[in-house]
Amino acid sequence: MGYATEFPDMKGLSPRNIQYMTTFGAAWPDGPIAQRPAAQLPWGHIMVLLDKKLDPGTTEAYAAAAVEYGWSRVAHRPWRRRSCTAHR
């Protein structure tokens, strides 16, 4: 039985979204996510970040910079060619 059948009133339980949620949890395995910058980003921004498949340190640094500077999802394009330390 799938999540959509089990929770018919809940939205966002597509197989793709479930995969993103699983990847999201694996990207920040240590401690509560609520204390991390990624918890302050919109879900669409997190999906873009997860699709990049960056190492954990770079992912965390990018999330912190995105929160600090208020980057939109499209703001990541020039950033990905530079070190995150240039933006901190």
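Residues take their numbers from the sequence shown, with the count starting at 1.
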Taking every non-hydrogen atom, the tightest pair across His45 and Tyr62 = NE2-OH, 2.9 Å

inquiry  = Please give me the minimum heavy-atom distance between Met21 and Gly12, naming the atom from each residue.
reply    = CE-O, 3.4 Å

ask   = Which class fits the ring pair Tyr20 and Trp43: parallel under 30°, tilted 30 to 60°, perpendicular over 60°?
value = perpendicular

ask   = Got a second to check how far Asn17's CG is from Phe24's CZ, nearest 0.5 Å?
value = 12.0 Å

query = When rounded to the nearest 0.5 angstrom, what is the spacing between NZ in Lys53 and OG1 in Thr23?
reply = 7.0 Å

message = Return the CD to CG distance between Glu6 and Leu13, rounded to the nearest 0.5 Å.
response = 10.5 Å

task = With sequence neighbours excluded, tell me which residues meet side-chain hydrogen bond (donor to acceptor under 3.5 Å, both in side chains) with Ser14.
result = none

query = Leu54 versus Leu49: any side-chain heavy-atom pair under 4.5 Å?
reply = yes

ask   = Which heavy atom in Val67 sits nearest to a heavy atom in Pro37, and how many Å separate them?
value = CG2-O, 3.3 Å

inquiry  = For the OG1 atom of Thr59 and the CD1 atom of Ile46, what is their distance to the nearest 0.5 Å?
reply    = 11.5 Å

